[in-house]
A.B. asks: 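After the structure tokens below, expect a handful of questions from me.
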Amino acid sequence: MLLIPCPWCGPRDEAEFGYGGQAHVPYPQDPAALSDREWARYLFFRDNPKGPHAERWCHSAGCRRWFNAVRNTATNEVLAVYRVGEPRPVTG
Amino acid sequence: MSPRPPGAGLPEHPDRLWRNPDPKRRYEVVIVGGGGHGLATAHYLARDHGITDVAVLERGWLAGGNMARNTTIIRSNYLWDASAGIYEHALKLWEGLEEELDYPLLFSQRGVLNLAHSLQDVRDGMRRVEANRLNGVDAQWLDPDQVREVCPIINTAPDTRHPVLGATYQPRAGIAKHDHVAWGLARSADAAGIDLIQNCEVTGIEVRGGRATGVRTSLGPIAADRVALCAAGHSSVLAAMAGVELPLQSHPLQALVSELLEPVHPTVVMSNAVHVYVSQAHKGELVMGAGIDAYPAYTQRGAFHIIADQMAAALELFPVFARAHVLRTWGGIVDVTPDASPIIGRTPVDRLYLNCGWGTGGFKATPGVGSVLAHTIAYDEPHPLARPFHLDRFTTGALVDEHGAAAVAH
Amino acid sequence: MVEHVEKHSPLGGFAARLAAATRASGGAVRLAELPFLTQVNVRLDAKGPAADAVRLALGIPLPVAPNTMVRGGGLAALWLGPDEWLVVGPPGTASGLEARLRGAVGGTHAAVTDVSAQRTALLVAGPRSRDLLAHGTSLDLHPRSFGPGRCAQTLLARAQVVLAARDERRPGFWLLVRSSFAGYLAEWLLDAAVEYAEPPS
Amino acid sequence: MTAQPFRLPAGGRIRRDEPLSFRFDGIEYQGYRGDTLASALLAAGVRRTARSVKLGRPRGVFTAGSAEPNAIVQIEAPFPEPMLTATTVELYDGLVASGLPGQGRLADEPDPARYDAVHAHCDVLVVGGGPAGLAAAAAAARTGARVILADEQPEPGGSLLDTGELPDWVARTTAELAAAAETRVLSRTTVFGHYDDNHLLAVERRTNHLGAQAPSHLSRERIWRIRARRVVLATGAHERPIAFADNDRPGIMLAAAARAYLHRYAVVAGRRAVVFTTGDSAYDAALDLAAAGVDVAAVADARPRPGAAAERAARAGIEVLAGHAVIGTTGDRQLTGVTVRPLHDGEPTGPAAPIAADLLLVSGGWNPALHLFGQAGGQLRYDPGLGAFLPDGCRQAVRVAGAARGVGELPGCLADGAEAGRRAAQDEGFTAARPLPPPEASAAPEPGAPSVPLWVVPGQDNLDRAFVDLQRDVTVADLARASGAGLRSVEHLKRYTTAGTAHDQGKTSGVLTSGVAARLLGVDPAELGTTTFRPPYTPVAFAALAGRNRGVLHDPVRVTALHDRHLAHGARFENVGQWKRPWYYPRDGEDMAAAVARECRAAREGVAMMDAGTLGKIDVQGPDAGVFLDRLYTNMMSTLRVGMIRYGVMCRADGMVFDDGTVARLAEDRFLLTTTTGNAAAVLDWLEEWSQTEWPELRVHCTSVTDQWATVALVGPRSREVLAAIAPQLAVGAPDFPFMAWRDATVAGIPARVCRISFSGELAYEINVASWYATALWEALHTAGRPLGITPYGTETMHVLRAEKGYPIVGQDTDGTVTPQDLGMGWVVSKKKRDFVGKRSHSRADTSRPDRKQLVALLPPPDVLLPEGTQLIATDRLARPPVPMEGHVTSSYRSAALGRTFALALVRSGRRRIGERLYAPVGGELVPVTVADPVLYDPEGTRRDG
């Protein structure tokens, strides 16, 4: 049970959160202009690193806010949390 | 007077399994990943195609990944034609594998029940049974009374929170002893002259002119005419070395065993709705799988609350398990694709072959994967059963959507 | 307007059992439904003019510190999110409160929604109330971290709840739960309270 | 009175005033409160507790705690429980147990006991109540930090109670902890899991030691879910056995265990003892046993120069055989003799000498108990001097103290623990006004001689009887065979031999296995490493983990405000997600088909009512709400007029149908959405996700009002009459209140929102009121409709009515692979909008194929009901598998209105095949079916206006 620091509510148990996939994958400006291959990249292809991963979470059983986190997928350490729209912080 | 001790009757392993050779500088085929799939591919390269100038490179110990960490369920009752095709191919191979490898795999066709707890589960179960039959996969629909006949300890009372409304039943499904399978395949490959190289981490893939020409490893460079990736949860990292992107996410999947218990559970029971998968292994331990963790991780461990939830669900189904004890929990890392079906076949890089994305289905597919991937490597042409699982399906939209269609995982 | 129509609260059928559990515990835990409270959900920009207008209209501010509650004038304003609050008042005041809030926010981008029947409230009080709730919530309810005036949206057992610490010295909490989950939660509380029943003497 | 020949007349921590009776293997014995089953058996002279799992060799008690590999028992009464260690079962009156050869037995009846869980938080969690743990907890508690001390024994003290040292300090410190305001001492509590972010799981055995007297309202076991800011692991160390021939006989036990039986329980485990050691600690056991009257025949010390401890023993008259090893034992049911032999430079020299003995104490060194540390992500390093793995770094806020990090001497453990506790509290900002004083000095520690790791006694022939893992019957010979088979990894060796996989998970055997294997492979144990530590530290009952999430608490049951009404009407319920929904309302003697036919007739011919309160409802407000909805629904919502309602479909980005429902425009800037019952939460999450993460510039707020509103659907050609009767101010006529319009009105005296929506094709209204008025509304409708025969109906009738009209149910007629176009709903997919979520996917190669599966109706022979899920094939004969499938039945019903059965199906190129014949394999027959347009009832839509 991870302890995830919601930027608003502070640390809460993982069970209160929903995982929302890789962060910084914006919806394409004009999907119609994309090739099938480019669209498939948006739909299905995500990073899968062993190490720090910028990802989206929603404090779904709490304040219902989406936010971003950098989590080390090898250790589950949450290295940083930041709000939607902010750039990925530099983590050690 | 004293009952026959459990385990006394279990077969011994052979006295000889494999050599521990140093790698040669080049091979015809290099298989990256010495798990069940890599070893099976080596075995079938030798058996079906006479290709033995092969190295299997394993960064840890052979079959130390998901092959060592799964719940050993074998079945082929998948919904879609493509899935039923490859899993049934695997099951048929399972049925002859013990003899073929001359290794006691403890393959036990004790059947699998996939329980239905809602009216929609019933519809989905019926749909799958009917599809299975037309695909030549043995399948039956059982009502709750018939479920109890197959597995008397299931609580089929109608007033439970998630009542058992019926189940699909595949009698030919079952379990096998995972280590024995891996070692049987490894021994066979080794005996054919294939080099199984452990503690050899691949750090790069050589690509020249759009064609794979070898790998860089912790034991030095190794040239190869063909390179096949069989690295499950680590496939993303490896494929990226060749510039190939994969739609994979690696998630922990937990399992656990109890202590040894007198036989109470004669079959395999899976309940997708409440995430319980349980069988009783040969020595008597209950082997259970849980749902996968929601977020990707390489921790080989899941979150505790998943185990706790799984226990609650298990006791609802099997009240007699109350005072059984969890002896050991562990996590594997499953590589999951967007449609919960594998990716097998050629890649944009010539002579680089891919086999990944098996999610929770990897163990049961082991011999099927081996034979299909060996064929694909040998002919540089996807085996017909592999064609639907090409990477391109994510572009065309022709997914083999096993979770969308509410089919069961594991 | 609708006084002659009978209202049914989600836990009306549990009143006797909640009272019995309270008695059985010898006062260690007190459980009771607080039915029909007025509840209005407010969404607005905490830094904008609407927040000030609401403060004037209600006589209490919408708290900006996360997970806190402000009380006054018979109302309580609970922080639910950075732009979301639940204003709780006595039963039967929903239309008036909603109108006051709508009037206050005026034409600014804000949402005011009557959710009085969306959730019901439970009182969980008594010296063992913290222990009782600790069976089901991962929040640290110790007074050092969840003292009077604190509130939180969280999970209690398998239900989402809004939990607020009463601003009194004695331990006690309000628990707001979705009406459709209220029966489950009441069963859960009653079962948890078995532990605190005094053994028959 | 049963004899307890091995019980000393005085001493121990047992309650001699509370004698207890118990049965073991069918024989009645007596012990005392405070005994374990093992100590009581040893007191009674029972040596053989079980036979070994594979070879059937007799085995006896080997340890005095949870590391026990041998004494595994089945509890028979008061309630069957498999596979407990006799060394941890506290004795109670009426206990019935038997020794197990390997497999436990489950009860065949449900467990009546309660189990529960509790969350706890602390600044400092100390695991282990031995000297280091007690000192750590006391030091931390003095700072005012919130401290939890968890210890698996019935009382704190740990090894101090085994050795009898510092009894006053233990009592004083325990009392101080008990009095500390923010400190909680959990005894009988095993911390079994150390997860991320210092989340630790512990199981407290609360009432089991009371046997049949356990109060039924208390949980028998409790899972503590502890979130600790800092953790001090004072988990001690496990003594290690040594591999030599026949090292498994009853009467052979670890040296510290024999000392524990003496001091805790006043039990001597034998009359004449030999000690075999590689270090100093066993000498204390020898001396204590000698002082208690045991004839200690000899100490065989593998070290050539044992040092001060040996001199002390010699002074006490114990023969010390320096540089000797035990090479074998004798005795059938129990130990009768030990054979020792001198070693020189690690090789046996000289003659073997037999010594008669009924007790052999073994001490091969100490393995720090680092299971939790390993689980926490801690790294281990091998210490060649100790022959053990010690803690290295850990990324979590964890300190290891005392014997768990290799500290051997008691004063060192005390100081180390106190320092760890103090610093852990200090790291959280707590400092003590009065630091913990060191305990009164015991005897000054003598200069110890280093221990020397010894894995296998050299020069033996019978390595197939030199056990490494007692519980799995794994011998040195087994390991040799495994390495000979080509295995190099410790994981392979363990899997090949099954060493370390038994009930004790290798607590006594793990490091020994590594040590023996390293020798066999000619590598350093450091290179070989250990296997991964996995939770739980000791086995935990399924029921404890399940806790109270059983029965009605297993998964929340959601009910609407009308649930009592449905019960009163005799409804049968269907589970839909977490909801209980009325499925149908059988009257006396009716089966489901009859009830549904009656309910359908009422809806089609008269008037009927249904609880639609489970539909999700979301209030969407803001100036950009229309634009927002345009992006998420496939059709246009911003053009909807206030007062009107539109049906809408949402797709996922992959173009597949996600949900459907209605959208009512309440005001220019306000919409009310309905969702399917099962998707309410998912749709709200979906809206929030897009609003918060992709389009934060859109001014829109979403609020769930699912439980705020109760909804009753009033359906049928006579529904208008009923509504008119109870809403006299509402103009209910079609011109004033058109289809797909909504009106605020007073209905039965209740403020209501009435929507003219129909999911049946009939004239219908959905009446929404605050949910606490639901009962009043329902009763008013029922009363007003009674003259017209108003009939409550359930989900099954709802499904029949909608299917007759060809309306799909998301999740039943779709499965995540179906587009709106596949459903024949191209009309709901806007061609005008530049984009909406899912649009781009619809033009992909496979998604735009003309031969996709499409929703159609099927007409089987009029009296044949196709099972839902039935597959469809094109030929009237079954070919050999695989048989190509053309589609499958998604819904299938008997229709009173149509006078026949019918089905909905997804069929390849279905819409082009209307009129074609397909075949449905049903129970060995092929049923011919005709593909038809999905709208079978009232295709002109004449009935919706009444």
Side-chain angles (χ1 to χ4, degrees), chain B residues 2-3 5-8 13-20 61 64 81 85 118-120 123-127 130-131 134-136 161-162 179 198 259-262 264 284 303-304 307-308 311-312 314-316 319-330 396-399 401 404-406, chain D residues 51 53-54 56 81-83 101-108 110-111 193 195 201 481 484-489 491-492 495-496 503 505 534-536 539-543 545-546 549-550 554-555 574-575 811-812 815-817 841 844-847 867-871 881-883 885 888 921:
Chain B
S2 66
H13 293 289
D15 289 340
R16 175 104 210 115
L17 289 177
W18 54 71
R19 305 163 286 131
N20 289 282
W61 38 286
D81 299 350
S118 69
L119 297 178
Q120 189 57 40
R123 291 180 197 108
D124 292 336
M126 295 287 281
R127 175 186 177 191
E130 295 300 328
L134 293 169
N135 273 324
R161 178 66 186 90
H162 297 286
D179 286 335
Q198 301 184 74
E259 72 271 76
L260 310 188
L261 298 166
E262 290 177 13
V264 291
F304 167 76
I307 296 281
M311 287 295 105
L315 292 202
E316 291 300 289
V320 301
F321 288 175
R323 291 200 187 180
H325 302 92
V326 176
L327 192 61
R328 181 178 175 87
T329 65
W330 66 90
T396 65
L399 305 185
D401 198 344
Chain D
R51 287 191 175 276
V53 64
K54 202 166 152 190
E81 179 158 6
M83 301 286 278
Q103 284 181 330
R105 183 172 49 77
L106 294 170
D108 48 15
D111 184 352
Y195 286 81
L201 283 304
R481 199 168 73 83
L487 302 178
R488 295 285 178 274
S489 136
E491 292 281 358
H492 279 152
R495 285 162 179 268
Y496 186 95
H503 190 266
Q505 292 284 289
R534 303 281 188 185
V540 184
F542 284 19
L545 295 171
N549 294 327
R550 307 281 311 279
H554 173 53
D555 184 18
E574 174 193 5
N575 288 335
Q812 177 170 344
D815 62 5
T817 69
S841 289
R844 292 176 302 174
D846 189 77
T847 320
E868 290 169 345
T870 298
Q871 297 284 342
V883 181
M885 286 168 256
H888 75 282

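These numbers come from a predicted model, not from an experiment. Proteins come first, then strands; the chains are lettered A, B, ... in the order of their sequence lines, and each starts at number 1. Keep in mind that the numbers below use all heavy atoms, side chains included, and drop hydrogens, waters and symmetry copies.
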A.B. asks: Indicate the atoms forming the closest heavy-atom contact of Pro881(D) with Leu134(B), along with that distance.
C.D. replies: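 Closest pair (atom of Pro881(D), atom of Leu134(B), distance): CB-O, 3.5 Å.
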A.B. asks: Measure distances from Asn20(B) to the heavy atoms of chain D and classify the residue's part below 4.5 Å as side chain, backbone, both or neither.
C.D. replies: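 It is the side chain, since no backbone atom gets that close.
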A.B. asks: Should Leu260(B) and Gln103(D) count as side-chain neighbours, where that means a heavy-atom distance under 4.5 Å?
C.D. replies: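 A side-chain contact exists here, since the closest heavy-atom pair is under 4.5 Å.
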A.B. asks: Where on Val264(B) is there a heavy atom nearer than 4.5 Å to chain D: the side chain, the backbone, both, or neither?
C.D. replies: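 The side chain, not the backbone.
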A.B. asks: If you count heavy-atom pairs under 4.5 Å with chain D, which of Ala398(B), Gly85(B), Gly125(B), Pro319(B) comes out on top?
C.D. replies: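 With the most close heavy-atom pairs to chain D, the winner is Ala398(B).
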A.B. asks: What are the two closest non-hydrogen atoms of Leu315(B) and Ala546(D), and how far apart are they?
C.D. replies: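 Leu315(B) and Ala546(D) have their closest heavy atoms at CD1-CB, 3.9 Å.
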A.B. asks: Give, for atom CZ of Arg323(B) and atom CD of Glu81(D), the distance between the pair rounded to the nearest 0.5 Å.
C.D. replies: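 CD of Glu81(D) is found 5.0 Å from CZ of Arg323(B).
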A.B. asks: Can you tell me which portion of Gln812(D) sits under 4.5 Å from chain B's heavy atoms? Options are side chain, backbone, both or neither.
C.D. replies: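 Backbone plus side chain of Gln812(D), per the 4.5 Å heavy-atom cut-off to chain B.
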A.B. asks: Among Arg19(B), Arg161(B), Gln120(B), which has the most heavy-atom pairs under 4.5 Å with chain D?
C.D. replies: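 Looking at each option in turn, the highest pair count goes to Arg161(B).
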A.B. asks: Mind checking the CE-CZ spacing from Met311(B) to Arg550(D)? Nearest 0.5 Å is all I need.
C.D. replies: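 The distance works out to 11.5 Å.
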A.B. asks: Any idea which of Gly486(D), Ala485(D), Ala541(D) has the most non-hydrogen atom pairs under 4.5 angstrom with chain B?
C.D. replies: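 Answer, by heavy-atom pair count under 4.5 Å with chain B: Ala485(D).
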A.B. asks: Can you name the residues that form a ring-ring contact (aromatic ring centres under 6.0 Å, His included) with Phe542(D), not counting sequence neighbours?
C.D. replies: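 Here no residue qualifies.
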A.B. asks: Non-hydrogen atoms of chain B under 4.5 Å away: do they reach the side chain of His888(D), the backbone, both or neither?
C.D. replies: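 Side chain only.
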A.B. asks: Taking all non-hydrogen atoms of both residues into account, name the closest pair between Leu261(B) and Leu106(D) and its distance.
C.D. replies: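 Heavy atoms of Leu261(B) and Leu106(D) come nearest at CD1-CD1, 4.0 Å.
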A.B. asks: Taking side chain as C-beta onward, heavy atoms only, is Leu17(B) less than 4.5 Å from Leu487(D)?
C.D. replies: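 Side chain of Leu17(B) against side chain of Leu487(D), heavy atoms only: contact under 4.5 Å found.
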A.B. asks: Strictly distance-based, threshold 3.5 Å: is any side-chain N or O of Thr396(B) a donor or acceptor partner for the main-chain N or O of Asp846(D)?
C.D. replies: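 No, the answer is negative, given that no donor and acceptor are paired below the 3.5 Å cut-off.
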A.B. asks: Just by modelled atom types, is the Gly484(D) backbone N or O under 3.5 Å from a matching donor or acceptor in the Arg16(B) side chain?
C.D. replies: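 Pair found, side chain donor or acceptor close to backbone of Gly484(D).
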A.B. asks: Show, in sequence, the C-alpha distance, side-chain angles and deciding distance for Leu327(B) and Met83(D), and conclude whether the side-chain contact (heavy atoms from CB on, under 4.5 Å) test is met.
C.D. replies: CA-CA 11 Å; Leu327(B) 192 61; Met83(D) 301 286 278; over 6 Å; no
A.B. asks: Indicate the atoms forming the closest heavy-atom contact of Arg481(D) with His13(B), along with that distance.
C.D. replies: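 Smallest heavy-atom distance, with atoms named: NH1-O, 3.0 Å.
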A.B. asks: For His554(D) and His162(B), I'd like to know if the aromatic rings sit close, meaning centre-to-centre distance below 6.0 Å.
C.D. replies: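 Between His162(B) and His554(D), which both carry aromatic rings, the centre distance is below 6.0 Å.
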A.B. asks: Quick one: are Asp179(B) and Tyr496(D) in side-chain contact, heavy atoms under 4.5 Å?
C.D. replies: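 Answer no - side chains too far apart.
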A.B. asks: Rounded to the nearest 0.5 Å, what's the gap from CH2 on Trp61(B) to NE2 on His492(D)? Could you check?
C.D. replies: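 Output value for this atom pair is 5.5 Å.
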A.B. asks: Looking at Leu201(D), Thr870(D), Thr847(D), Asp108(D), which makes the most heavy-atom pairs under 4.5 Å with chain B?
C.D. replies: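 Among Leu201(D), Thr870(D), Thr847(D), Asp108(D), the one with the most close pairs to chain B is Leu201(D).
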A.B. asks: Could you report the tightest heavy-atom contact between Pro882(D) and Asn135(B), atom names first, then the distance?
C.D. replies: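 Smallest interatomic distance, heavy atoms only, reads CB-OD1, 3.4 Å.
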A.B. asks: Please determine, among Pro539(D), Pro867(D), Pro921(D), the option with the most heavy-atom pairs under 4.5 Å with chain B.
C.D. replies: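 The answer is Pro539(D).
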A.B. asks: What part of Arg495(D) gets closer than 4.5 Å to chain B, counting heavy atoms only: side chain, backbone, both or neither?
C.D. replies: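 Answer is both: backbone and side chain atoms of Arg495(D) are under 4.5 Å from chain B.
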A.B. asks: Heavy-atom pairs under 4.5 Å with chain B are the metric here; pick the option from Asp555(D), Asn549(D), Asp111(D) that has the most.
C.D. replies: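 Max contact count across the listed options: Asp555(D).
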A.B. asks: Count the heavy-atom pairs under 4.5 Å between each of Gln198(B), Glu130(B), Arg328(B) and chain D, then report the option with the highest count.
C.D. replies: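 Max contact count across the listed options: Arg328(B).
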A.B. asks: Please find the pair of heavy atoms, one from Ala324(B) and one from Pro82(D), that lie closest to each other, and give the distance.
C.D. replies: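 Closest approach of Ala324(B) to Pro82(D), heavy atoms only: CA-CG, 4.4 Å.
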